[in-house]
Asker: 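This structure is in structure tokens; I'll ask about it shortly.
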Amino acid sequence: MPERPSPPRGEEAELLLAEARKALWVMVGVLAVLWLVQIVNAALGYTLSFDYGIRSRDVASLPEIFTAPFLHFSWSHIEGNSGPLFIFGFLAAYRGVKKFLGVSALIVVVSGLGAWFTAGAGTVGAGASGVVFGYFGYIIVRGVFDRRPIDIVIGLVMALCFAYQFSLLIPAGEGIGWQAHLFGFAAGVLGGWFFRERRRKAVPAQAPTTLLDRPESQA
């Protein structure tokens, strides 16, 4: 089959702009939810973080891998995550919100399970930092897997501008759940490969058969 022709440049730009608008509002909505949850959580003395955070190697706590990214332990905690989450999340989503949701699910599951398996005994982990590092890893490698020069440039710029993030993958400070950082970053890189754009290979069209090409039949 011949390859499907790509849309004209003007139409492609309009589609990209529409997806970017969706991505912007998705991230605004995500941050709004995080801050609303934070207000309630702070008013309750952060009991939600302890009740719905990830308790390492506690089987009953496995469902909390889906609630922990929405919870934080202080105002400084959520403030530190909000900026990078918005920037990286938007860049991860601007080429397609549907793909972004798949990448997000992968990051949440892998970073959560990684923290659940490897965090210190008796600890409770919560916060969006694992998701932040997942998006960071995804946008760094996405351009390479999709073979899009503009996304390669974006990945390089983000890697240079936020180089300090690499030092936080395994931080030396106590009380910081680096396990979610590391596994989230790995999940983002994996997501770049798993959700890469798969282009169809061009198949050469066969020349039509003419009367001269047909073998002579004998009576």
Side-chain angles (χ1 to χ4, degrees), residues 1-37 54 62-71 81-115 127-159 162 165 180-181 183-202:
M1 279 181 74
E3 283 187 313
R4 182 183 299 176
S6 59
R9 289 185 179 274
E11 183 180 342
E12 186 177 3
E14 289 180 4
L15 292 173
L16 186 60
L17 185 59
E19 287 296 329
R21 290 196 198 98
K22 291 180 187 177
L24 176 64
W25 287 111
V26 165
M27 293 313 302
V28 168
V30 168
L31 285 184
V33 170
L34 286 182
W35 281 83
L36 286 173
V37 171
I54 299 173
L62 275 174
E64 273 71 77
I65 65 175
F66 298 104
T67 56
F70 294 93
L71 301 167
N81 281 336
S82 293
L85 179 65
F86 183 83
I87 295 171
F88 298 155
F90 172 76
L91 291 175
Y94 88 100
R95 280 207 177 273
V97 172
K98 186 180 295 187
K99 181 187 293 188
F100 168 75
L101 295 177
V103 172
S104 299
L106 177 65
I107 292 171
V108 167
V109 171
V110 173
S111 64
L113 286 177
S129 55
V131 178
V132 169
F133 277 92
Y135 292 154
F136 184 49
Y138 175 69
I139 62 178
I140 287 176
V141 303
R142 176 183 57 190
V144 176
F145 291 129
D146 287 350
R147 290 175 289 174
R148 288 184 178 271
I150 183 62
D151 287 333
I152 293 176
V153 172
I154 290 174
L156 289 173
V157 170
M158 290 296 103
F162 293 89
Q165 293 285 115
H181 299 182
F183 283 95
F185 185 83
V189 174
L190 178 63
W193 177 83
F194 187 77
F195 291 97
R196 69 192 184 279
E197 293 183 359
R198 292 170 172 82
R199 294 178 172 85
R200 293 180 179 179
K201 294 183 179 180

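From a predicted model like this one, the values you see are computed outputs, not experimental measurements.
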Asker: Who are the side chain to side chain donor-acceptor pair (under 3.5 Å) partners of Thr67, not counting sequence neighbours?
Answerer: none
Asker: Does the side chain of Glu64 reach to within under 4.5 Å of the side chain of Leu71, using non-hydrogen atoms?
Answerer: no
Asker: Quick one: do Glu197 and Arg147 satisfy salt bridge (charged side-chain N to carboxylate O under 4.0 Å, His left out)? Show the steps, please.
Answerer: CA-CA 9 Å; Glu197 293 183 359; Arg147 290 175 289 174; over 6 Å; no
Asker: So, for Val144 and Ile152, which heavy atoms are closest and what is the spacing to 0.1 Å?
Answerer: N-CG1, 3.7 Å
Asker: How are the rings of Phe86 and Phe90 set relative to one another: parallel (under 30°), tilted (30 to 60°) or perpendicular (over 60°)?
Answerer: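 Parallel, since the angle between the ring planes stays under 30°.
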Asker: Would you name the heavy atoms of Gly130 and Ile107 that are closest together and state the gap between them?
Answerer: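 In terms of heavy atoms, the two residues are closest at O-CG2, 3.8 Å.
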Asker: Could you list the residues that satisfy ring-ring contact (aromatic ring centres under 6.0 Å, His included) with Phe162, not counting sequence neighbours?
Answerer: Phe88
Asker: Restricting to pairs with a member in residues 86-108, which pass side chain to side chain donor-acceptor pair (under 3.5 Å), not counting sequence neighbours?
Answerer: Tyr94-Asp151, Arg95-Asp151, Ser104-Tyr135
Asker: Please identify each residue that fulfils ring-ring contact (aromatic ring centres under 6.0 Å, His included) with Trp25, with sequence neighbours left out.
Answerer: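 So Trp25 forms no ring-ring contact (aromatic ring centres under 6.0 Å, His included) with any residue.
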Asker: Asn81 and Ala128: which non-hydrogen atoms are nearest, and at how many Å?
Answerer: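 Residues Asn81 and Ala128, closest heavy atoms: ND2-N, 3.5 Å.
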Asker: About how many Å separate CD1 of Ile140 and CZ of Arg142, when rounded to the nearest 0.5 Å?
Answerer: 11.5 Å
Asker: Quick one, Phe136 with Val132, criterion side chain to side chain contact (heavy atoms under 4.5 Å, CB included). Give me CA distance, side-chain angles, the key distance, then yes/no.
Answerer: CA-CA 6 Å; Phe136 184 49; Val132 169; 5.5 Å; no
Asker: My understanding is that only residues two or more places apart in sequence, or in another chain, count here; which of them pass side chain to side chain donor-acceptor pair (under 3.5 Å) with Trp193?
Answerer: none
Asker: Using salt bridge (charged side-chain N to carboxylate O under 4.0 Å, His left out) as the criterion, list what pairs up with Glu19, not counting sequence neighbours.
Answerer: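 If we apply the salt bridge (charged side-chain N to carboxylate O under 4.0 Å, His left out) test to Glu19, skipping adjacent residues, the hits are Lys22.
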Asker: So, taking the atom named CZ in Phe145 and the one named OH in Tyr138, what distance separates them when rounded to the nearest 0.5 Å?
Answerer: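 Those atoms lie 10.5 Å apart.
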Asker: Minimum heavy-atom separation for Leu85 and Met27, please, with both atom names.
Answerer: O-CE, 3.4 Å
Asker: Can you list the steps and then say if Leu113 with Leu62 is a side chain to side chain contact (heavy atoms under 4.5 Å, CB included)?
Answerer: CA-CA 8 Å; Leu113 286 177; Leu62 275 174; 3.9 Å; yes
Asker: Looking at every heavy atom in both Ala68 and Ile54, which two are closest together, and how far apart are they?
Answerer: CB-CG1, 3.7 Å
Asker: If you look at every heavy atom in Pro69 and Val108, which pair is closest and at what distance?
Answerer: CG-CG1, 4.3 Å
Asker: Please tell me if the side chains of Val109 and Phe66 come closer than 4.5 Å, counting only heavy atoms from C-beta onward.
Answerer: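 They are in side-chain contact.
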